[in-house]
Each structure stands twice: as structure tokens, then as C-alpha cells.
Amino acid sequence: MTHPNDRSLPRSVRMAMPLARDVVEQIAIQYGVCIRPVSLKRIDVQTGQVEIIDVPCGATLESKCPPCAKRNRHLRMAQCREGWHLEAEPVNIPDEADDYQRYLVELRADAQAWRDRADAAGQDTTDLDAAIEDLDEEINRAGMRGNVLGRISGKRSRSTRRRQDAPDLPKRQMTKTTLGRTFTGSDGKTYRPSMFITLTLPSYERVLEGVPIDPDGYDYVRAARDALHFSKLIDRFVQNLRRVAGYDVQYFATVEPQKRLAPHLHMAIRGTLPRAEIRQIVAATYHQVWWPPTDTVRFDGDHLPVWHEGTGYLDPTTGEVLPTWEQALDQLDADENAQPLHVLRFGDQLDIQGVLAGTPDADQCIRYLAKYLTKSIGDAFDPGNPAQRQHAERLIEALRFEPCSPTCPNWLRYGIQPKNAKPGMVPGRCRGKAHKPEHLGYAGRRVLVSRKWSNKTLTEHKHDRRTWVLEALGLPDETVDPHRYIWRPVKPTDPDVAPIGIRLLRSVHERQRWRAHMDRLHAQAHGQDLSATEGRAA
């Protein structure tokens, strides 16, 4: 065996030898060990003991951490499988308030009355406001969700009259259920089928292998705006779906990129509707973006608005204060002839499948739903393909000056102050998620799960998997008092934090021990030779 420090060896031979540090990382990935663990300091308030604990980074993308991405993918698959074909209504009834919670709300009512009387008398309410704020926090600490006032912020709305070019939808009376219809077969067996549908955006020009045949004729502006607001179109589809279905439709959906770089939707739906109605709902679904117009560029290049403290952004030539976001919306509302900035619709491509629980088709759909979750939207194209790379660059350039939200700095380009404007904003340099190349305009969540899908949070699903592993290993699942430990972040330069290589080696050793134990349990369950199993684990 040659030694890498042997200088008599040619450089090419020494450079061909694998790096020991890379091998450690490869082994860690093989055993499912997080390769980017986060170190936290855990302080036991009862004993005073201080420990450095490594927790997984929890990355969802393979490019960040393959083991964590794989775990998250399997967790989502379990969540999808558990909630898709429920036969019993999920129980979601809030507990009755206890005496202390009722006392706090009664005290909050008194505090509100005191505050209102003081305000009506023209007295200073600063102390009362602070006391009410503390009382609201105590109400939440006592185990009550939300705020006693409910929604207190006003919501700007426009006419809800449907567009003339959108077909009307039938509407059924809502029933308080999340379960779909059942059907009885000729054999007397009852079936409760569900659906798996795929929705896409419209065509912007003919494409071949994900690349426009005529790039100059490809509508990149429309493609960029559709990607920016795609999540809103999904919300409208769910609303229409529930109105037509007549029950509280539950869904598990994922957003993935097509080869042409446009986002599209895969959705598992509990229950069924006739395919003709699904097509009618898709055709009638649209979303209007009521934002100020962006057809006129007022500031560009070096001619940009200037910030004035206490006033906001000014026209550099005239000194005129630019209209704020709210003022721009007020002007839009006052214009009876105003048109929406953009209207989104789904494309003609639509796939609808009926799925039965426990069938190979159901398992295949679940795998397909989670297929691309470990990859970013930007991974849809091959950087080594010049045509695909140029297509992605054109789309990114079209996104560059498109406003992605009310707070986007790109509004300055069109003479409007962004919402919550602050100094340093420059058009074309928005740090929003939608403007990052790896997201290609889509800033929404990749996984969309309705609240009553499995009646569990993702944290509860994680706990279920943890409980199963501990039971398989024969370890106790001890409930830890959440107030016993205090967690603090640790800097990488902290002398108590071991080098990453040592931490990975420790974790690999622990996983080897767990795997050996699992192999022994598996061998016992199948009556195999334990000695052979132990030798293989060693």
C-alpha cells in the first residue's frame, strides 16, 4: 500500500487517492448521519449540567444535506399515506377552557373596559396598553390559541363579481365532513376512492425538450408572473373545489418544476368528484393580481429615487415624494376602468386518476408526490445544456424587475414606494426568495397540506417515527419536562465544540451500533443465525 506522503510517487497518483475527510462524509451519508449538524448548548436547570448537543440541520434539499433531505422526504410520504384514505372523521374538537383560562379572559374584559374609559376621558393609556399586552401573553401561556380580539387588521377587497370570460360553477350545500363518497361493488364490498390530479400552467410558446423552439416568441413576462403568483392560483382552485364538492375537501399537494421551468401541481385529494366537474372547476379557476400597473418605467440605471429620512423615497429630479404602497392602491381602487396587473389560469393539460387505498397505484402516486421534494426548482434544467441554460437565464432576467410582493424594491422602478420602505432599496436587487435563481420565481411552499389531512402536525409525525425506532431498539421513550432545559446557540469557534470530523465519526459509530442492534432484531424475527449477523455488523 502506497503512502500519500511518499514524494517519489507522481503527483497524479497522489491526487487520485481519496481524501480521508471526504470518505468520512461519504460514510456519514451512507449511515444517514447529518453532515451539517448544528451544535447547541443544553443547560439542565435542575442539575446545572451543561452539554454540547448536535442536532440535525433538517435540510430539505439533497444539495444541502442528503441524509436530512431523505428523512424529510420519507416523513412527507408517511404523512401523505396516513391521511389520504381515512375511513373515519378526524377528531379536532378544542378542549373546554379551565377555570384559570376563564379567569384570564374575564380579567382581560375588565382591562379593556378600563382602557376604553381612560381613552374616552383623554387620559394616558400607556400603562394600561402595556398591562393588556402582558395579559394577552399570559393568555397564550395558559394554553389558549390565537388572540382574544381575533383578526384586527383591515383587509382591502375588490368586487368579487366573476369575470365574464370565466364559466360559472355549480355550488352544493356544504356538509360538515372531510370524507368522500363510498361505493358498493357487485360483491357487496364498500369502496371509498380518492383522486390524484396534476395541474399545469398554460403554454407560452412551443417547446421541444423543455426549450422554446422560438425563444424570441416565448412569453417570458407571462411565464415569470405566473410563477410568482402560482400559489394564489392553487388557493383559488381549492376554494372552488370545496364549493362544488359540498364538503371540506382535504388534500396533500406538492409543487414541482416542469422541464420548461414552469411550476406545476400534483395533488392527492380525499374523496372523488366526476371528472367532468374537475375539468369544469379547472377551466373556471383564475386569480387576478390587483397591483399598480408596471407598464411605465420611471426610474432606471443611475436615475433612481433617493431616500430621505422621515419622508421616504423622493424623485431625484423634482424632489417629489413618491406615492406609498397604500396610496397607489387607493388610486387603483378609485379608477373604475382599472384592470388587474395580471390574470392567472391553468393550462389545458390535466390529468385525473382515481385511486383506491392499499393498491400499487396509491403507493406509486405517493412516491411520485415526493419524487422531487429533495431538489430545488432550479434543478429542473441541465446547466451543461447550453439551450436549457440560456432558457433559464432569460426567465431569470424576466423576473429581475418583476415585483414579487408589496415589499419588493422593484416598485421603485415604477415610481411607487414599496410597503414598509426602508433605506438602501434598489430595483433589480430584491433579496426575496422568488428572485433567487434556484427558485425561478416560485416563492411558495413546496408541500401544501390541508389542516384536517392526517389531524397531525409534521412534528407529531416525527414523534411517531421516533417512538417506533426507540421501541425497535428497546430504549425507553421518556417524556422530558420542556422547562427543564435551556438551549443556547453555540459559535463554531467555541472551544467546547469538537471539530466537525470528530463529531461525524462519533455519530457514525452510534449509527453503526444502532444498525447492528436492528440487524440482530431482524435476525431474531426471521430465525437467522445471530453469529453471522454480528459478524456482518462488525
Side-chain angles (χ1 to χ4, degrees), residues 151-161 163 219-233 235-236 286-344 393-444:
R151 182 188 293 273
I152 58 177
S153 59
K155 184 178 180 181
R156 186 185 295 267
S157 61
R158 297 188 64 90
S159 172
T160 57
R161 189 190 321 176
R163 294 178 60 92
D219 195 344
Y220 282 100
V221 173
R222 186 183 176 195
R225 292 178 178 177
D226 279 357
L228 286 169
H229 304 284
F230 187 59
S231 60
K232 296 296 183 182
L233 187 63
D235 292 341
R236 295 292 181 269
Y286 64 89
H287 174 65
Q288 300 182 111
V289 183
W290 286 102
W291 280 356
T294 58
D295 50 357
T296 302
V297 177
R298 288 192 55 188
F299 302 99
D300 192 16
D302 295 332
H303 181 65
L304 296 176
V306 294
W307 173 263
H308 186 273
E309 193 65 38
T311 304
Y313 281 95
L314 313 177
D315 187 314
T317 303
T318 65
E320 176 189 4
V321 180
L322 301 185
T324 64
W325 173 254
E326 292 297 331
Q327 290 171 344
L329 290 186
D330 290 340
Q331 184 178 0
L332 184 65
D333 291 341
D335 185 0
E336 296 182 355
N337 298 319
Q339 296 295 321
L341 174 67
H342 185 60
V343 179
L344 288 82
E393 290 173 351
R394 293 188 186 99
L395 179 59
I396 293 172
E397 182 60 28
L399 286 163
R400 181 182 176 189
F401 292 111
E402 280 292 333
C404 64
S405 68
T407 60
C408 183
N410 286 341
W411 286 114
L412 293 173
R413 177 179 173 88
Y414 309 105
I416 299 171
Q417 294 195 60
K419 187 176 182 180
N420 302 327
K422 55 186 179 181
M425 287 183 161
V426 178
R429 297 183 184 178
C430 179
R431 296 183 179 180
K433 179 180 175 181
H435 288 286
K436 295 181 179 179
E438 61 267 28
H439 296 291
L440 296 177
Y442 180 74

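In what follows, every heavy atom counts, from backbone to side chain, and hydrogens, waters and symmetry copies are set aside.
Nearest heavy atom pair, residue Cys408 against residue Pro403, reads SG-CA, 3.9 Å. A pairwise comparison of heavy atoms in Leu399 and Gly441 identifies CD1-N, 3.5 Å as the closest pair. Residue Pro292 comes nearest to Ile416 through the heavy atom pair CB-CD1, 3.4 Å, listed as atom of the first residue, atom of the second, then distance.
The line from CG of Leu332 to CD of Gln327 is 14.0 Å long, rounded to the nearest 0.5 Å. Rounding to the nearest 0.5 angstrom, the gap separating the SG atom in Cys430 from the CH2 atom in Trp411 is 12.0 Å. Note that the OH atom of Tyr414 and the CG atom of Asp295 stand 9.5 Å from one another [nearest 0.5 Å]. To the nearest 0.5 angstrom, His287 atom NE2 is 8.0 Å from Leu233 atom CG. Taken to the nearest 0.5 Å, the CG atom of Leu329 stands 8.5 Å off from the OG1 atom of Thr324. In this structure, Trp290 CH2 and Leu341 CG are separated by 10.0 Å, a value rounded to the nearest 0.5 Å.
Sorted by first and then second residue, the salt bridge (Lys or Arg N to Asp or Glu O under 4.0 Å) pairs involving residues 410-435 (not counting sequence neighbours) are Asp300-Arg413. Residue pairs that meet the salt bridge (Lys or Arg N to Asp or Glu O under 4.0 Å) test with at least one member in residues 303-325, sequence neighbours left out, are Arg298-Asp315.
Taking Glu336 as the reference, nothing meets the side chain to side chain donor-acceptor pair (under 3.5 Å) condition, with sequence neighbours excluded. Scored by the side chain to side chain donor-acceptor pair (under 3.5 Å) test, His342 finds Asp226 as partners (sequence neighbours excluded). Remark: His435 pairs with no residue by the ring-ring contact (aromatic ring centres under 6.0 Å, His included) rule, at least two apart or across chains. By the side chain to side chain donor-acceptor pair (under 3.5 Å) test, Asp235 pairs with no residue at all, sequence neighbours left out. Partners of Ser231 according to the side chain to side chain donor-acceptor pair (under 3.5 Å) rule, which considers only residues two or more places apart in sequence or in another chain, do not exist here. Taking the ring-ring contact (aromatic ring centres under 6.0 Å, His included) definition, one finds that Tyr313 meets it with Trp307, sequence neighbours left out. Considering only residues two or more places apart in sequence or on other chains, Glu397 meets the salt bridge (Lys or Arg N to Asp or Glu O under 4.0 Å) condition with Arg400. Applying the side-chain contact (heavy atoms from CB on, under 4.5 Å) criterion to Pro316, with sequence neighbours excluded, gives Phe299, His303, Val306. For Gln331, there are no side-chain contact (heavy atoms from CB on, under 4.5 Å) partners, not counting sequence neighbours. Legend: residues meeting ring-ring contact (aromatic ring centres under 6.0 Å, His included) with Tyr220, ordered by chain and number and at least two apart, are Tyr218, His391.
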Does the pair Met425 and Leu412 meet the rule for a side-chain contact (heavy atoms from CB on, under 4.5 Å), with working shown? CA-CA 8 Å; Met425 287 183 161; Leu412 293 173; 3.8 Å; yes

Trace of the side-chain contact (heavy atoms from CB on, under 4.5 Å) decision for Arg225 with Val289: CA-CA 10 Å; Arg225 292 178 178 177; Val289 183; over 6 Å; no

Using the rule given for side-chain contact (heavy atoms from CB on, under 4.5 Å), can you reason through Ile396 versus Leu440, listing the C-alpha separation, both sets of side-chain angles and the distance that settles it, and then say yes or no? CA-CA 6 Å; Ile396 293 172; Leu440 296 177; 3.8 Å; yes

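At least one side-chain heavy atom of Gln417 sits less than 4.5 Å from a side-chain heavy atom of Val321. Residues Cys404 and Leu228 have side chains in contact (heavy-atom distance under 4.5 Å, counting atoms from C-beta outward).
In this structure, the side chain of Trp291 does not engage the main chain of Ser405 through any donor-acceptor pair within 3.5 Å. Between the side chain of Asn410 and the main chain of Gly428, a donor-acceptor pair closer than 3.5 Å is present.
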